[in-house]
Amino acid sequence: MMNWGAILAPYEQVVDELKVKLKRMRAQFENESRHSPIEFITGRVKPIPSILEKAEKKEIPFEYIEREIQDIAGLRVVCQFVDDIYTVVNMLRSRKDLKIMDERDYIKNEKESGYRSFHMIIEYPVETIHGQKTVLAEIQIRTLAMNFWATNEHSLNYKYKGRIPTAIKARLQRAAEAAFKLDEEMSTIKKEVNEAQRIFHRK
Ligand code: 0O2
Ligand code: 0O2
């Protein structure tokens, strides 16, 4: 029998620790009455059935799962504006407590599905009672509009087991374009929005 509890414990620790650290970043911006590039953070450890399913699909042998499945620990940083995503990316690049292993910009290179987000694969050391263990984690950084789209598309993918009917796919493409437009439009009034929110926070 596999001891999944022991395997996943360090991943739970990464998710917990990074959630705290990323939330602190947001709090620091707020303390300084500056616009926070972070709206909210979520995190999860991939459920065991999803890990096994992905391993099977990608033909990853069991002993390579931890190295090859890079999103066992997943963090999601959701931002208001597209600019904010790159602010977060740059802040993460300059941190000394994690090492960036890979970056994928699915904003500049949108996926065929219409999916947009910035992905970072990081290496993060966790201290355990058995010493230090370095594990991989995936950080997805996206706007509220990208998140809205991805959440709905993900549900549909789940419902149709990855075979979304053509008509719905076409709708999703249009929704992705609309989300892109929304991000563009919001960017043009970013300064006004930020100013209004700063005033609101001071009160
Ligand atoms: P806050 O106020 O953001 O600090 P936790 O362990 O409590 O941090 P948990 O239980 O894993 O988080 O919750 P989950 O489902 O991962 O959600 C993380 C946070 O994202 C929650 O806030 C949600 O309220 C917040 N969230 C989800 N969707 C939205 C959204 O559309 N807008 C905003 N602003 N927040 C959202 P926290 O962490 O409980 O508290
Ligand atoms: P879940 O259910 O979110 O955990 P590759 O085959 O190497 O291109 P890989 O290694 O899975 O793909 O990495 P990729 O594509 O950079 O990022 C994988 C994760 O990004 C996915 O995790 C999703 O969370 C998200 N993602 C990527 N493409 C899409 C998409 O078209 N729609 C949505 N909604 N999300 C997407 P998982 O493990 O697939 O699934």
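Counting starts at 1 for both ligands and their atoms, following the listed order. Nothing fancy with the numbering, it's 1 onward along the sequence. Keep in mind that what you see is a predicted model, and the values were worked out from it rather than measured.
- For Phe62, the CZ atom is densely surrounded, since the number of other residues' heavy atoms within 6.0 Å is greater than 12.
- Residue-environment remark: CD (Gln173) exceeds the threshold of 12 foreign heavy atoms within 6.0 Å.
- The aromatic rings of Tyr86 and Phe118 lie perpendicular to each other, with more than 60° between the two planes, well past the 30° mark.
- Here the rule is side chain to side chain contact (heavy atoms under 4.5 Å, CB included) with Val82, and of Met146, Glu184, Met186 only Met146 fits it.
- When the side chains of ILVMFWY residues are joined at heavy-atom separations under 4.5 Å, either directly or via intervening members, Leu8 and Ile65 end up in a single hydrophobic cluster.
- Residue Glu63 places its CD atom among more than 12 non-hydrogen atoms of other residues, nucleotides or ligands, all under 6.0 Å distant.
- Annotation: ligand 2 has protein neighbours Arg44, Lys46, Lys54, Lys58, Asp71, Arg104, Tyr106, Lys111, Ser113, Tyr115, His119, Glu138, Gln140, Ala150, Glu153, His154, each with a heavy atom less than 4.0 angstrom from the ligand.
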